[in-house]
Amino acid sequence: MKSPLLSLPGAVPAEGVDESVAAHYGDLFREQRALADGIGFVDLSHRGVITVSGEDRLSWLHLLLTQHVSELPPGQATEALILSANGHIEHALYLVDDGSTVWAHVEPGTDTREALLAYLESMKFFYRVEVADRTDDFAVVHLPAGSIAEAPEGVVVRETPYGRDLFLPRADLESYAEKSGPAAGLLAYEALRVEHHRPRLGFETDHRTIPHELGWIGSAVHLQKGCYRGQETVARVQNLGKPPRRLVFLHLDGSEVHLPPRGAEIRLADDGPEGRKIGFITTSVRHHELGPVALALIKRNVPVDARLLADTTAAAQEVVVEP
């Protein structure tokens, strides 16, 4: 669903799954600085919006999700995953309950949303819940941490340490933008996400990613809740072992013109560009203060002080997930 805000001056569409919103509006670093200062907003209207209503909504979701939500207070934001039977991450949901309905936004893409909805519908059984796709009616708008902008009356708000997500009626998106600018593009939002080491489904994940690899334990996975699909893998890794890979934050050589793209292979610098692959870039960005940086998944046993190569770009690592 193409955002009407792509008609704003200077708007340049993003790429891939984010192509329906703006990558930037003409000045990437200015937009980043504005967000870091708590100014402006980000159009995330391409993300899917799912609601779950009914008196059993929280107890039912508690059975399916990795997060403890059975007593989730109204207005308290959380995030949760849905895992495969083998513990691999399939879906990530960013949730808030308004007292009668759970609102969640999820990754963009019809296929992703439909797969999630099909799974939720298949698990309803006798529970008093209604699951609905509200993407056509509601758009997600992000206000950065520190923003003093007021949410429109009646709009559901999901407040986190990183800012507020508004579930705005889609018909109000353009009028909201006129009153609440300046708009910042998705590249600015992603740069701050990478700075804060926050994983994103489909970027930091592949078909075999488990939550421990990304540091999603705690923020999205509760270790003391009841059973859910994939829990055995989570418990086994937590109690008996370590994940095979770990998320790292990389400082990239700033003299390179091009950023290594997602999927760029990582090797030990001492082994050179023909050495054994030990990981791959998941997201690379240009940060307004840190310069070129990235998140990457590498083998757990790579020494934390090892110098790395991302393709041919030198990289120094910061630990996100302990080896």
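For the numbers below, each heavy atom of this structure counts, side chains included, while hydrogens, waters and symmetry mates do not.
A distance of 8.0 Å separates CD of Glu174 from CG of Leu8, quoted to the nearest 0.5 Å. Separating the CZ atom in Arg57 from the OG atom in Ser70 is a distance of 12.0 Å, to the nearest 0.5 Å. Note that OH of Tyr176 and OG of Ser45 are 13.0 Å apart. Values are rounded to the nearest 0.5 Å. Rounding to the nearest 0.5 angstrom, the gap separating the CG atom in Leu214 from the NE2 atom in His197 is 13.0 Å. The CG atom of Leu247 lies 11.0 Å from the CD atom of Gln317; values are rounded to the nearest 0.5 Å. The distance from atom CG of Leu64 to atom OG of Ser59, rounded to the nearest 0.5 Å, is 10.0 Å.
Considering only heavy atoms from C-beta on, Arg262 comes within 4.5 Å of Phe203 through its side chain. Looking at Gln238 and Leu223, their side chains come closer than 4.5 Å, going by heavy atoms from C-beta outward. Counting heavy atoms from C-beta on, the side chains of Ile39 and Pro182 come closer than 4.5 Å. Residues Val21 and Leu5 fail the side-chain proximity criterion, which asks for heavy atoms closer than 4.5 Å. Using a 4.5 Å heavy-atom cutoff, the side chains of Val141 and Val42 are not in contact. Looking at Thr66 and Ile82, their side chains never come closer than 4.5 Å, going by heavy atoms from C-beta outward. Val96 places none of its side-chain heavy atoms less than 4.5 Å from the side chain of Val157. The shortest side-chain heavy-atom distance between His88 and His207 does not fall under the 4.5 Å cut-off.
Hydrophobic cluster membership for Leu28: Phe29, Leu187 (Ile, Leu, Val, Met, Phe, Trp, Tyr linked by side-chain heavy atoms under 4.5 Å, directly or transitively). The hydrophobic cluster around Val237 extends to Ile210, counting ILVMFWY residues whose side-chain heavy atoms fall within less than 4.5 Å of a member.
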Assess whether side chain to side chain contact (heavy atoms under 4.5 Å, CB included) is satisfied between Leu116 and Ile50, documenting all intermediate values.
-> CA-CA 9 Å; Leu116 172 59; Ile50 307 296; 4.2 Å; yes
Are His212 and Ile217 close enough, and set up right, to give a side chain to side chain contact (heavy atoms under 4.5 Å, CB included), and what steps lead you there?
-> CA-CA 6 Å; His212 285 81; Ile217 303 300; 3.6 Å; yes
For salt bridge (charged side-chain N to carboxylate O under 4.0 Å, His left out), just list the numbers for Glu195 and Arg193, CA-CA rounded to whole Å, side-chain angles, deciding distance to a tenth of an Å, and then say yes or no.
-> CA-CA 5 Å; Glu195 176 190 6; Arg193 177 180 72 81; over 6 Å; no
Start with the C-alpha gap between Thr283 and Val285, add the side-chain angles, then the distance that decides, and say whether side chain to side chain contact (heavy atoms under 4.5 Å, CB included) holds.
-> CA-CA 7 Å; Thr283 305; Val285 297; 4.0 Å; yes
Do Leu143 and Leu166 pass the side chain to side chain contact (heavy atoms under 4.5 Å, CB included) test, and can you show the C-alpha distance, the side-chain angles, and the key distance before you say yes or no?
-> CA-CA 8 Å; Leu143 300 178; Leu166 312 183; 4.0 Å; yes
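The nearest pair of heavy atoms linking Leu259 to Leu252 is CD2-CD1, 4.1 Å. Heavy atoms only, all atoms of each residue included: Pro211 and Leu81 are closest at CG-CD1, 3.9 Å. The two residues Leu95 and Ala104 make their nearest non-hydrogen contact at CD2-CB, 3.4 Å. The two atoms that bring Asp43 and Leu173 nearest to each other are OD1-CD2, 4.2 Å, heavy atoms only. Taking all atoms of both residues into account, the shortest heavy-atom contact from Gly181 to Phe41 is CA-CE2, 3.8 Å. Nearest approach of Tyr127 to Leu63, heavy atoms of both residues: OH-CD1, 3.1 Å.
Using modelled atom types, no side-chain atom of Arg246 and backbone atom of Pro323 make a donor-acceptor pair closer than 3.5 Å. Put simply, the side chain of His105 never gets that close to the backbone of Tyr94: no donor and acceptor are under 3.5 Å apart. Using modelled atom types, no side-chain atom of Ser284 and backbone atom of Pro261 make a donor-acceptor pair closer than 3.5 Å. Between the side chain of Thr205 and the main chain of Gly202, a donor-acceptor pair closer than 3.5 Å is present. Without hydrogens or angle criteria, Asp56 side chain to Arg128 main chain gives a donor-acceptor distance under 3.5 Å.
Checked against the 6.0 Å centroid threshold, His142 and Tyr189 count as a close aromatic pair.
Under a hydrophobic-cluster definition in which Ile, Leu, Val, Met, Phe, Trp and Tyr are linked whenever side-chain heavy atoms come within less than 4.5 Å, directly or via other members, Tyr162 and Ile148 are assigned to different clusters. Put simply, Phe125 and Val129 are part of the same group of oily side chains (I, L, V, M, F, W, Y) that touch within less than 4.5 Å, one to the next. Neither Val140 nor Val155 shares a network with the other; the hydrophobic side chains, linked directly or stepwise wherever heavy atoms of I, L, V, M, F, W or Y lie under 4.5 Å apart, form separate groups for each. Leu44 and Val106 are not part of a single hydrophobic cluster, where members link through side-chain heavy atoms under 4.5 Å apart.
The list of side chain to side chain donor-acceptor pair (under 3.5 Å) pairs with a residue in residues 17-28, not counting sequence neighbours, reads Asp18-His46, Asp18-Arg200. Pairs passing the side chain to side chain donor-acceptor pair (under 3.5 Å) check and including a residue from residues 145-160, sequence neighbours excluded, read Arg158-Asp165. Every pair passing side chain to side chain donor-acceptor pair (under 3.5 Å) that includes a residue from residues 216-231 is listed here, sequence neighbours excluded: Glu79-Trp216, Glu90-Arg229.
Between the side chains of Asp133 and Thr135, a donor-acceptor pair is found at a separation under 3.5 Å. No side-chain donor from either of Ser175 and Asp172 sits under 3.5 Å from a side-chain acceptor of the other.
Every residue was checked against the salt bridge (Lys or Arg N to Asp or Glu O under 4.0 Å) condition with Glu71, not counting sequence neighbours, and none meets it. Every residue meeting the side-chain hydrogen bond (donor to acceptor under 3.5 Å, both in side chains) condition with His288, not counting sequence neighbours, appears here in chain and number order: Gln32. For Glu213, the salt bridge (Lys or Arg N to Asp or Glu O under 4.0 Å) criterion is met by Arg245, not counting sequence neighbours. Applying the side-chain hydrogen bond (donor to acceptor under 3.5 Å, both in side chains) rule to Lys277 yields no partners; only residues at least two apart in sequence or on another chain are considered. Take Thr282 and apply the side-chain hydrogen bond (donor to acceptor under 3.5 Å, both in side chains) test, not counting sequence neighbours, and it matches Glu204. Qualifying side-chain hydrogen bond (donor to acceptor under 3.5 Å, both in side chains) partners for Trp103, counting only residues two or more places apart in sequence or in other chains: Asp98.
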Identify all side-chain donor-acceptor contacts of residues 292-313 below 3.5 Å with residues at least two apart in sequence or on another chain.
from: Arg300; atom 1: NE; to: Pro243; atom 2: O; distance (Å): 3.0
from: Arg307; atom 1: NH2; to: Asp270; atom 2: OD1; distance (Å): 2.6

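No more than 12 heavy atoms of other residues, nucleotides or ligands lie within 6.0 Å of CD in Glu130, so this atom counts as exposed by the packing criterion.
Each of Val69, Val102, Leu65, Leu120 was evaluated against Trp60; a single residue qualifies, Leu120, per the side-chain contact (heavy atoms from CB on, under 4.5 Å) test.
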